[in-house]
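Residue numbers start from 1 in every chain, and the chains themselves are labelled A, B, ... in the order their sequence lines are given, proteins ahead of strands.
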Amino acid sequence: MKQHLQQLFTEALEQLDINQDIDIRLERTRDTKHGDFACNLAMILAKKLHKNPRDIANSIVEKLPDNNDFIAKVEIAGPGFINIFLTKQAYHTNIDDILKLKTEYGKNQLGKDQSIMIEFVSANPTGPLHVGHGRGAAYGTALANLLQTAGFKVHKEYYVNDAGRQMDILAVSVWLRYLELCDETIEFPSNGYQGDYIWDIAANLHRNHADKFQQKSTTVFAEISPDITNGGDKELHIDGLIQRAKQLLEDDYKIVFKQALDTILDNINHDLKQFGVEYEEWFLESSLTEADKVQQTIDQLQTAGHTYKKDGALWFKATSFGDEKDRVIVRENGQFTYFASDIAYHKNKLERGFDHLINIWGADHHGYVPRVKHAMTALGYNAKQLTVLLVQFATLYRGQERLQMSTRSGEFVTLRELREEVGRDAARFFYVQRKSEQHLNFDLELAKSQTNDNPVYYIQYAYARISSVMRQLTEQGQTWQYDKTNLTSLETAHEQALLVMLSRYPEVIEMAALAYEPHQLTYYLRDLAQNFHSFYDTNKILIPDNKLRDARLSLTAAVRQVLQNGLMIIGVSTPEVM
RNA sequence: GCGCUCGUGGCUCAGCUGGAUAGAGCGUUGGCCUCCGGAGCCAAAGGUCACAGGUUCGAAUCCUGUCGAGCGCACCA
């Protein structure tokens with residue numbers, strides 16, 4: 001609808017020989033007195049052509065076809081707005097489209113022939129997902145769906161950090177708990193993972209392997225640098241324990257390590273599936289190191305002259321690309337930094353041929369964005385191919401109390417708990433509803449106790465009501481037929497409002513996709529549901545007058561279709577009965 | 001100290017990328033079921049868009065400064 005109008009404006013400008021390079025922006029009006037669409041083109045042109053905006057508006061309007069079955073009339077208002085009034089016929093054609101296109105209604109070809117890889121959540125596999133990760137999960141899938149609707153080829157990926165030091169800390173944590181189950185007396189390191197899930201993994205290990213990995217506690221802790229609780233350094237302490245574990249367990253260390261990793265990864269995978277989040281690929285960081293990809297990437301940087309040695313470490317010259325300081329990629333002890341494998345990972349992504357990369361990261365990573373982009377530039381790629389979307393933290397409250405979130409200390413509310421308590425639909429909607437760069441206050445009490453106030457139910461209720469009406473019709477042994485000519489009977493204000501609202505859907509999809517803002521869709525769906533509830537309240541659908549009844553049923557069916565299409569993108573179900 | 005993000009009714013948030021009289025939900029107050037699902041509808045009260053300048057036909061939106069909040073500023077991941 002909007003596209004058609006834009007086309008008409010373009011033609012009008014061509015006839016006037018105005019070849020200014022501007023995009024014609026049409027806006028929905030807030031007030032029906034201003035018609036259906038308004039265009040400020042004349043005001044923008046006035047600046048460039050140094051002419052009176054109203055005069056320009058006049059000449060444009062003369063070239064616009066009106067009084068046909070699409071445009072009813074055109075007016076010039078205020079300083080030079082061009083207001084367009086559409087015909088009812090135009091809106092009826094739109095109902096036609098919805099009922100014919102069904103799930104295809106609202107789709108567009110913005111991303112035709114373009115592929116996007118979208119990486120999100122990618123939480124370290126050192127513990128279960130908590131509510132903080134839920135936001136990235138919900139936002140990521142909604143965005144992926146939205147981009148798909150806009151015609152992009154989308155590839156969703158989870159990057160598994162299974163190669164860093166934190167994984168060794170995890171393995172050691174499990175092993176120490178296992179030793180406790182073997183009746184060894186252990187002073188658990190303050191820097192170990194302390195959650196209950198560590199006990200669970202240890203118990204499994206003990207069940208499957210009995211005392212096979214047991215070592216005397218005194219042997220394990222012999223000559224280990226003291227923990228912070230004993231006046232030492234907690235980092236040195238845990239590093240000493242890692243060394244000791246590898247040394248004592250030899251090849252068995254891998255078994256413990258793998259048991260820990262697999263259990264947690266399975267758990268994460270399961271939680272995400274239950275939350276309605278699925279990936280095309282789970283990419284292992286270890287696959288990069290094993291294939292020597294990190295070293296190769298570093299070599300490439302080195303060859304290109306973007307590195308230097310200092311204090312025994314290898315540095316990436318980030319400053320020559322505008323970064324505030326240079327960054328270490330190989331530590332003094334010869335180990336790669338996280339940054340190094342991340343460069344290799346992004347190189348790998350681009351080598352796989354994606355046109356565009358989207359990373360959804362927690363806002364605490366914002367300082368990290370420039371250096372990744374600089375590394376891409378250094379490797380000869382266009383850094384613009386990467387978009388990093390930062391999702392602000394969710395601050396978790398239980399009533400007035402602010403909760404801490406720490407995987408290390410084991411104090412957190414898991415995503416699973418959230419889903420079980422507030423439900424998947426409500427949780428998904430709650431997360432997506434907020435603009436991603438907004439700080440989100442997540443009050444568990446509120447989410448739990450007032451679930452009925454969550455707009456998701458309001459929208460689903462509209463869907464269920466429609467389903468109910470359709471059921472009633474069938475139960476009465478009746479059928480209905482769609483006939484476009486019947487739509488002329490739709491005359492009430494509520495019916496008109498719904499017609500307009502439905503026609504906006506493709507525009508909302510387009511805007512939301514371009515801006516990476518699925519929250520726009522949630523607000524639209526709420527508005528649509530509200531319009532439907534108002535309509536439903538004052539216009540009875542199942543009435544004896546067949547012509548009007550069928551017209552209202554057509555409208556209702558169209559609303560149902562759009563609700564379904566929109567909720568699917570957000571990842572919320574469409575229950576026929578609630 | 002420097003950087004990033006943000007500041008909109010009592011609370012939680014939108015505001016179509018500079019447009020016409022700033023909008024919702026919750027909460028508050030008052031109405032609406034002999035009628036397709038009341039998880040609903042209708043209405044009212046409530047905002048100098050943090051503050052001060054600037055840019056222009058026009059600013060919640062762009063620029064500068066001030067104040068306030070969150071997060072970053074590792075040879076951690």
Side-chain angles (χ1 to χ4, degrees), chain A residues 25-31 33-34 38 40 43-44 46-47 53 77-81 83 124 126 161 163-167 169 235 285 310-315 324-325 327-339 341-342 362-370 390 392-393 395 430 433-435 437-443 446 450-458 460-462 464-473 475-476 504 507-508 510-512 514-515 517 519-520 522-524 526-527 529-530 532-543 549 552 556 577-578:
Chain A
R25 285 194 47 216
L26 290 158
E27 290 183 335
R28 292 278 180 171
T29 55
R30 212 175 317 185
D31 191 333
K33 270 180 274 177
H34 300 135
N40 63 353
M43 272 120 76
I44 292 169
K47 220 172 264 183
F81 289 106
N83 293 335
N124 286 339
T126 54
N161 294 117
R165 172 171 172 264
Q166 86 282 357
M167 292 308 297
I169 297 178
E235 304 292 347
E285 180 186 4
K310 194 181 93 182
D311 304 334
L314 188 70
W315 297 68
E324 50 193 20
K325 52 177 87 163
R327 311 290 175 176
V328 171
I329 46 180
V330 183
R331 282 183 256 167
E332 197 179 352
N333 63 11
Q335 287 183 322
F336 302 131
T337 58
Y338 174 81
F339 180 45
S341 46
D342 231 19
D364 54 336
H365 285 73
H366 66 76
Y368 194 71
V369 178
L390 297 172
Q392 287 291 339
F393 277 170
T395 319
F430 199 92
Q433 201 187 1
R434 263 71 177 191
K435 197 162 57 174
E437 63 260 36
Q438 267 285 358
H439 295 273
L440 168 61
N441 287 331
F442 204 124
D443 184 344
L446 197 75
Q450 304 194 341
T451 49
N452 283 356
D453 293 331
N454 191 318
V456 72
Y457 295 100
Y458 182 82
Q460 287 181 321
Y461 184 56
R465 265 185 156 174
I466 292 171
S467 304
S468 172
V469 170
M470 297 298 181
R471 270 198 306 276
Q472 299 255 343
L473 183 78
E475 278 163 19
Q476 290 170 16
R504 278 185 48 205
E507 293 157 36
V508 172
E510 183 179 329
M511 274 191 297
L514 282 175
E517 291 181 347
H519 78 273
Q520 290 192 29
T522 66
Y523 282 92
Y524 168 82
R526 217 209 69 86
D527 286 347
Q530 181 173 48
F532 177 75
H533 285 309
S534 296
F535 156 76
Y536 179 90
D537 212 63
T538 45
N539 301 269
K540 193 164 156 61
I541 298 168
L542 300 179
I543 48 172
R549 184 200 70 179
R552 286 184 175 162
T556 303
V577 183
M578 292 174 72

| request: Evaluate the side-chain proximity of A/Q472 to A/I541: yes if any heavy-atom separation is below 4.5 Å, no if none is. | output: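 Side chain of A/I541 against side chain of A/Q472, heavy atoms only: no contact under 4.5 Å found.
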| task | Compare all side-chain heavy atoms of A/R327 with those of A/T337 and state whether any distance is below 4.5 angstrom. | result |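 A side-chain contact is absent here, since even the closest heavy-atom pair is not under 4.5 Å.
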By side-chain hydrogen bond (donor to acceptor under 3.5 Å, both in side chains) - contacts of [X] (at least two apart):
{"X": "A/R28", "value": "A/S503, A/E507"}
{"X": "A/Q433", "value": "none"}
{"X": "A/T522", "value": "none"}
{"X": "A/S468", "value": "none"}

| query | Which nucleotide in the list B/G40, B/A20, B/A74 gets nearest to the side chain of A/K325? | reply |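 Selected nucleotide (nearest to the side chain): B/A74.
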| Which nucleotide in the list B/C41, B/G37, B/C75 gets nearest to the side chain of A/V328? |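 Closest nucleotide among those given: B/C75.
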Using atom [atom1] in both nucleotides, what's the gap between [N] and [M] to the nearest angstrom?
{"N": "B/G47", "M": "B/C13", "atom1": "C1'", "value": "14 Å"}
{"N": "B/C63", "M": "B/C75", "atom1": "C1'", "value": "40 Å"}
{"N": "B/G72", "M": "B/G46", "atom1": "C1'", "value": "38 Å"}
{"N": "B/A50", "M": "B/A60", "atom1": "P", "value": "10 Å"}
{"N": "B/A22", "M": "B/A44", "atom1": "P", "value": "16 Å"}
{"N": "B/G7", "M": "B/C49", "atom1": "P", "value": "14 Å"}
{"N": "B/C6", "M": "B/C16", "atom1": "P", "value": "13 Å"}
{"N": "B/G70", "M": "B/G30", "atom1": "P", "value": "39 Å"}

Between [N] and [X], is there an OP1 or OP2 to side-chain N/O distance shorter than 4.0 Å?
{"X": "A/Q433", "N": "B/G25", "result": "no"}
{"X": "A/Q530", "N": "B/G40", "result": "no"}
{"X": "A/R331", "N": "B/C76", "result": "yes"}

Between [atom2] of [N] and [atom1] of [X], the distance in whole Å:
{"X": "A/R165", "N": "B/A74", "atom1": "CZ", "atom2": "P", "result": "17 Å"}
{"X": "A/E475", "N": "B/C36", "atom1": "CD", "atom2": "P", "result": "13 Å"}
{"X": "A/N539", "N": "B/C41", "atom1": "CG", "atom2": "C1'", "result": "12 Å"}
{"X": "A/K310", "N": "B/C75", "atom1": "NZ", "atom2": "C1'", "result": "11 Å"}
{"X": "A/R30", "N": "B/A14", "atom1": "CZ", "atom2": "C1'", "result": "12 Å"}
{"X": "A/K435", "N": "B/A24", "atom1": "NZ", "atom2": "C1'", "result": "15 Å"}
{"X": "A/R465", "N": "B/C36", "atom1": "CZ", "atom2": "P", "result": "10 Å"}
{"X": "A/Y368", "N": "B/C71", "atom1": "OH", "atom2": "C1'", "result": "17 Å"}

| To the nearest 0.5 Å, how far apart are CD in A/Q335 and OG in A/S341? |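 Between atom CD of A/Q335 and atom OG of A/S341 there are 11.0 Å.
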| field | Distance (rounded to the nearest 0.5 Å) between A/T29 OG1 and A/N83 CG | value |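 Going from OG1 on A/T29 over to CG on A/N83, the span is 7.0 Å.
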| B/C51: syn or anti, per glycosidic angle within 90° of 0 |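 Chi for B/C51 falls in the anti range.
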Protein-nucleic acid N or O pairs under 3.5 Å, nucleotides 1-4 of chain B:
residue: B/G3; atom: N2; partner: A/H366; partner atom: NE2; Å: 2.7

Taking any heavy-atom pair under 4.0 Å as a contact, classify [X]: base, sugar-phosphate, or nothing.
{"X": "A/S534", "answer": "sugar-phosphate"}
{"X": "A/A464", "answer": "base"}
{"X": "A/H519", "answer": "sugar-phosphate"}
{"X": "A/F339", "answer": "nothing"}
{"X": "A/D527", "answer": "nothing"}
{"X": "A/M43", "answer": "base"}
{"X": "A/V330", "answer": "nothing"}
{"X": "A/H533", "answer": "sugar-phosphate"}
{"X": "A/R526", "answer": "sugar-phosphate"}
{"X": "A/E332", "answer": "base"}
{"X": "A/Q460", "answer": "nothing"}
{"X": "A/D31", "answer": "base"}

| Stems involving RNA chain B, each a run of at least 3 consecutive Watson-Crick or G-U pairs under 3.5 Å |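 Paired runs of 3+ in RNA chain B: B:1-7 with B:67-73, B:10-13 with B:23-26, B:28-32 with B:40-44, B:50-54 with B:62-66.
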| task | Output yes if the stacking criterion (under 5.5 Å between centres, under 30° between planes) is met for A/Y523 over the base of B/A14, else no. | result |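 No; centroid distance or tilt outside limits.
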Residue list, ring-ring contact (aromatic ring centres under 6.0 Å, His included) with [X], at least two apart or on another chain:
{"X": "A/F532", "value": "A/F535, A/Y536"}
{"X": "A/Y523", "value": "none"}
{"X": "A/H34", "value": "none"}

| Quick one: does A/N83 reach the base of B/A20 with a side-chain donor-acceptor pair under 3.5 Å? |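 In this structure, the two groups form a donor-acceptor pair.
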| field | Base of B/G72 paired with side chain of A/D364 (donor-acceptor, under 3.5 Å) | value |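 Counting by modelled atom types and ignoring angles, no donor-acceptor contact under 3.5 Å is found here.
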| message | Need to verify one output field. Residue with the more 5' nearest nucleotide on RNA chain B, A/P79 or A/S468? | response |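 Upstream on the strand: A/P79.
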| said: Pick the closest RNA chain B nucleotide for A/K33 and for A/Y536 by heavy atoms, then say which residue is nearer the 5' end. | reply: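 Closest to the 5' end, via its nearest nucleotide, is A/K33.
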| message | Using the side chain to side chain contact (heavy atoms under 4.5 Å, CB included) definition, which of the options A/Q460, A/M470, A/H533 pairs with A/R465? | response |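 It is A/H533, the one option of A/Q460, A/M470, A/H533 that forms the side chain to side chain contact (heavy atoms under 4.5 Å, CB included) with A/R465.
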| message | Ring-plane angle category for A/Y368 and A/F339, please: parallel below 30°, perpendicular beyond 60°, tilted otherwise. | response |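 Perpendicular.
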